[in-house]
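Attaching a single structure in structure tokens format; questions to follow.
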Amino acid sequence: MGSLSLSHSPDVAVLMVPFPLQGHLNQLLHLSRLISAHSVAVHYVGTTTHNRQARRRVHGWDPLSISNIIFHEFPSLHFQSPPPDPNAPIQFPSHLQPLFNASSSLRQPVTDLLRCLSATNRRVVIIYDSLMGSVIQDFVKFPNAESYTFHSVSAYTIFFFLWENLGRPFEIDEEILKKLPSLEGCFTPEFVKFVGDQHEYMGRNSGRIYNTCRVVESPFLELLEKPQISGNKKQWALGPFNPVITGSSDHQTRHKCLQWLDKQAQNSVILVAFGTTTTFSEKQIRELAIGLEKSKQRFIWVLREADGGDVLINGETVKKSTNVDGKLPKGFEERVKERGIIVRDWAPQLEILGHFATGGFMSHCGWNSCMESISMGVPIAAWPMHSDQPRNTILITEVLKIGIVVKDWARRDEIVEAEAVKNGVRRLMASEAGAEMRRRAAELGGAVRKAAAEGGLGRLELDSFISHITR
Ligand SMILES: *[C@@H]1O[C@H](CO)[C@@H](O)[C@H](O)[C@H]1NC(C)=O
């Protein structure tokens, strides 16, 4: 191991600055692996708890096995986080706002590390989450430091966000615009202000990085390249960040749901998982359970509560799903036990999606989940709740045509009833239209994996980024 990691560029260091939310931590951790494989040292920074969370939850590789990814662990942040409110009118996880606010106190430790790296390297390349702009703002004091903004969302979503914020500087195809959902109900006003404050620092960057791939989003990447949006700065689509080949985890540690999947027929199981930021209401859990039961399809349902600000204490996952558990209909698990399983701990989502038995994904359409599903060629039943999810839903269903809508954003205030769940699941898993989407998703997944392989287009784009930062 040691000799392999000898750096070709001992004089360039990458400083990775993720935003402390699971979908963000995970994407930049995966990107660290891609960059470190080019023999560039990557310094991944965060609090001890968030770094540990990112490492424990990542799937497909072991972060501690790569010696040129160096973790810098800062003391925990001080904040009080209320419990998530499943009945709030806006489903944005405002219980995490105190954590977001507190993350700005990483400015000092990050600057201290930057000073140190700047003194010992020819160049320091900062890759930071767009929501951490204020934390890295002092990089301008170090003449050999430069920064690249990582947007954790789809090219489609970030393009329209920037295009609208810049006052629609050019015309867009009417057909595309007609389908674009408004941002109403996506964020709390407080978070919108937070985003604006963090984006203030973007003008100082040297370019942008996206976790997407030209074979998935080339029209929107081209729009992002227009000078009115890019300011003539460089950009790279380096996705998918997640590994595209999985299934190597050894028998000892292999999750029991994967063993269950081994016994199921090809494309017969739908994964049901809604990310880490929301908790379903009791009524919604019941409707979902009844709908899954009535669909008569096979499923893995990941039933968890939203993450709090600090998901690990003494290295253990604090929140078991005891609170959501009691809300299942009586006798549910017993009745469905031949067809479905409920996972209450951290599920190996990437490996489940990569398994031959998985043929669909009921998802909130967070971008991390979308990219994982796309790379593994799995079609999506979309259930957006907040942030970029409603727009990702349109990308998946209307643009890429590899999924259906289960929760209609126009009726976001209503519970999704069991009947709609049943119909959605059956449509995706047991109809000709669903089979067609599965074929398209498989084709797109194949193209993405080809792009990410040696000599593929995505790989060339990563090579071009590496050459640029080590120039
Ligand atoms: C977060 O910071 C903003 C701006 O400083 C402040 O107005 C807001 O009250 C803070 N919110 C929380 C939940 O701490």
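Counting starts at 1 for both ligands and their atoms, in listed order. Below, all heavy atoms of this structure are taken into account, side chains as well, without hydrogens, waters or symmetry copies.
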(message) Would you say the ring centers of F139 and Y128 fall short of 6.0 Å from each other?
(response) no

(request) Determine the interplanar angle of the Y148 and W236 rings, folded into 0 to 90°, and report it as parallel if under 30°, tilted if 30 to 60°, perpendicular if over 60°. (result) perpendicular

(request) With sequence neighbours left out, write down each residue that passes side chain to side chain contact (heavy atoms under 4.5 Å, CB included) with A289, or none if nothing qualifies. (result) W301, L328, P329, F332

(message) Which label fits F92 and F100: parallel for a plane angle under 30°, tilted from 30 to 60°, or perpendicular past 60°?
(response) perpendicular

(request) Please say whether more than 12 non-hydrogen atoms of neighbouring residues, nucleotides or ligands are located less than 6.0 Å from CZ in R411. (result) no

When you pair each N or O of ligand 1 with protein N or O atoms, which pairs come out under 3.5 Å?
residue  : atom   : partner : partner atom : Å
ligand 1 : 2 (O)  : N101    : OD1          : 3.4
ligand 1 : 2 (O)  : N101    : ND2          : 2.3
ligand 1 : 11 (N) : N101    : ND2          : 2.9
ligand 1 : 11 (N) : E190    : OE2          : 2.4
ligand 1 : 14 (O) : N101    : ND2          : 3.1

(request) Could you tell me whether K234 atom NZ has more than 12 heavy atoms of other residues or ligands within 6.0 Å of it? (result) no

